[in-house]
Amino acid sequence: MKAPHFLFFILFLCTSMSANAQEAKLKKIFNGKNLKGWVAPVNKDCWTVSKGILYVKNEPTKKGEILWTEKSYQDFVFQADFLMGEGTVDSGIFLRSENDQVQIGISGSLKRDMTGSPYVPKLRYPVEASGVKDILKLKDWNTLKIKLVGKTYTAYLNGKEVMTYTSADIPVSGPIGIQLHPGNEMSISYRKILMAEL
């Protein structure tokens, strides 16, 4: 191999290794024992932790809540496993604020599953995640991964890319939130909640 080609190969290899290493730096932001590192919820009965699992269930008044991280993030990769529970499951992951959310479960407005799609209050669902019906497991654990860089975020469900969206109004920095939608009798569980800052 000629020197210029060899140097290019080494540079490519190092770049690829660096990218892979960056993706591999996912760290726990949920310790599986309690809600340390998260803003304490108003209704603690809605958020219980046992043996590595975060159980989320609406209380009788169905007021709903958002569980926010104490820390704010800019560019990141977020990953979590979720398991659909009872009732009309309507949850999701808020990105830096309540302006941008990646939906999990049934859309209250569309009355159908919109898992993996972005929800933006002004625009509702500006795009719809693709291929979710063939990927989503309704009675088993699923893995949702979200990569957010600048104003663009991409969602992966069970290892497959299902959506990319660029949001005009997403803040530069902010916490991550897990939604318990008001108005529904529902439950959902989360585990292995991980984050890597980019």
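Hydrogens, waters and symmetry mates play no part in the numbers below; they use all other heavy atoms, side chains included. Everything numeric here is computed off the predicted structure, so don't read it as measured data. Numbers for residues simply follow the sequence, beginning at 1.
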Exercise. Treating Ile, Leu, Val, Met, Phe, Trp and Tyr as nodes and any side-chain heavy-atom pair under 4.5 angstrom as an edge, say whether Leu95 and Val120 lie in one connected cluster.
Key: yes
Exercise. I would like to know whether Phe30 and Trp38 meet ring pair (Phe, Tyr, Trp, His ring centres under 6.0 Å); could you show each step before the answer?
Key: CA-CA 8 Å; Phe30 167 61; Trp38 300 77; 7.2 Å; no
Exercise. Could you please spell out the steps behind the side-chain contact (heavy atoms from CB on, under 4.5 Å) verdict for Lys63 and Asn43?
Key: CA-CA 9 Å; Lys63 289 182 178 179; Asn43 192 333; over 6 Å; no
Practice problem: Could you tell me the separation between the CG atom of Asn31 and the CG atom of Leu54, rounded to the nearest 0.5 Å? | Solution: 10.5 Å
Quiz item: When rounded to the nearest 0.5 angstrom, what distance separates OH in Tyr119 from CG in Asp100?
Solution: 11.5 Å
Self-check item: Hydrophobic cluster membership, Ile53 vs Ile93, 4.5 Å side-chain cutoff
Solution: no
Practice problem: Answer yes or no: is there a donor N or O on one side and an acceptor on the other, between the side chain of Asn142 and the main chain of Leu136, under 3.5 Å? | Solution: no
Exercise. Indicate yes or no for a side-chain donor-acceptor contact from Ser91 to the backbone of Gln179 under 3.5 Å, with no hydrogens or angles considered.
Key: yes
Quiz prompt | Cluster link Ile170 to Leu123, ILVMFWY, side chain under 4.5 Å | solution = yes
Quiz prompt | Heavy-atom side-chain contact between Ile176 and Phe94 under 4.5 Å | solution = no
Exercise. Locate the shortest heavy-atom distance separating Val49 from Leu35; write the atom from each residue and the value.
Key: CG2-CD2, 3.9 Å
Quiz item: Is any side-chain heavy atom of Tyr156 closer than 4.5 Å to a side-chain heavy atom of Thr143?
Solution: no
Quiz item: Backbone N or O of Val77 within a donor-acceptor pair of the Lys147 side chain at under 3.5 Å?
Solution: no
Exercise. Measure across Asn99 and Ser167 and return the closest heavy-atom pair with its distance rounded to 0.1 Å.
Key: ND2-OG, 3.8 Å
Practice problem: Using the six-membered ring wherever Trp is involved, compare the ring planes of Phe82 and Tyr190 and label them parallel, tilted or perpendicular (cut-offs 30° and 60°). | Solution: tilted
Quiz item: For Lys137, does the NZ atom sit with more than 12 other heavy atoms under 6.0 Å from it, leaving out its own atoms?
Solution: yes
Quiz item: Is any side-chain heavy atom of Lys192 less than 4.5 Å from a side-chain heavy atom of Gln79?
Solution: no
Quiz item: Do any N or O atoms from the side chain of Ser189 and from the backbone of Tyr55 form a donor-acceptor pair under 3.5 angstrom?
Solution: no
Self-check item: 4.5 Å side-chain heavy-atom contact, Phe78 and Ile29
Solution: yes
Quiz item: What closest approach, in Å, do Ser97 and Trp68 show between heavy atoms, and which atom pair accounts for it?
Solution: C-CH2, 3.7 Å
Practice problem: For residues Glu86 and Glu185, determine if any side-chain heavy atom of one lies less than 4.5 Å from a side-chain heavy atom of the other. | Solution: no
Quiz item: Once you round to the nearest 0.5 Å, how far does OG1 of Thr115 lie from NZ of Lys133?
Solution: 13.5 Å
Quiz prompt | Interatomic distance, Lys57 atom NZ to Leu180 atom CG [nearest 0.5 angstrom] | solution = 11.5 Å
Exercise. Determine, step by step, whether Ile146 and Leu144 satisfy the side-chain contact (heavy atoms from CB on, under 4.5 Å) criterion, reporting the C-alpha distance in whole Å, the side-chain angles of both residues, the deciding distance to 0.1 Å, and the verdict.
Key: CA-CA 7 Å; Ile146 304 165; Leu144 176 65; 4.0 Å; yes
Quiz item: Should Ile188 and Ile178 be marked as a side-chain contact (heavy atoms from CB on, under 4.5 Å) after you check the CA-CA gap, both sets of side-chain angles, and the distance that decides it?
Solution: CA-CA 11 Å; Ile188 187 171; Ile178 298 175; over 6 Å; no
Practice problem: Determine the minimum heavy-atom distance between Ser72 and Ser173, stating which atoms define it. | Solution: CB-OG, 3.7 Å
Quiz prompt | NZ/Lys28: more than 12 non-hydrogen atoms of other groups inside 6.0 Å | solution = no
Quiz item: Honestly curious: do Tyr165 and Tyr73 fall in one hydrophobic cluster under the side-chain, below-4.5 Å linking rule?
Solution: yes
Practice problem: Grab the two heavy atoms, one from Arg96 and one from Gln74, that are nearest each other, plus how far apart they are. | Solution: NH2-O, 2.8 Å
Quiz prompt | Validation row: Arg124, Leu110 side chains within 4.5 angstrom (heavy atoms) | solution = no
Quiz item: In terms of hydrophobic clusters joined by side-chain contacts under 4.5 Å, are Met195 and Leu198 together?
Solution: no
Quiz prompt | Nearest-0.5 Å distance, NZ of residue Lys151 to CG of residue Asp75 | solution = 11.5 Å
Quiz item: Hey, does the side chain of Glu65 reach the backbone of Val42 with a donor-acceptor pair shorter than 3.5 angstrom?
Solution: yes
Practice problem: Could you please spell out the steps behind the side-chain contact (heavy atoms from CB on, under 4.5 Å) verdict for Ile106 and Met186? | Solution: CA-CA 11 Å; Ile106 305 298; Met186 61 152 286; over 6 Å; no
Quiz item: When you look at Gln103 and Asp90, which way does the side-chain hydrogen bond (donor to acceptor under 3.5 Å, both in side chains) test go after all the steps?
Solution: CA-CA 8 Å; Gln103 172 81 21; Asp90 188 345; 3.0 Å; yes
Quiz prompt | Least distance between heavy atoms, Val39 atom then Thr69 atom | solution = CG2-O, 4.0 Å
Quiz item: Are side-chain heavy atoms of Met84 and Ile104 found at a separation under 4.5 Å?
Solution: yes
Exercise. Using a cut-off of 6.0 Å, state whether more than 12 heavy atoms not belonging to Glu59 lie near its atom CD.
Key: yes
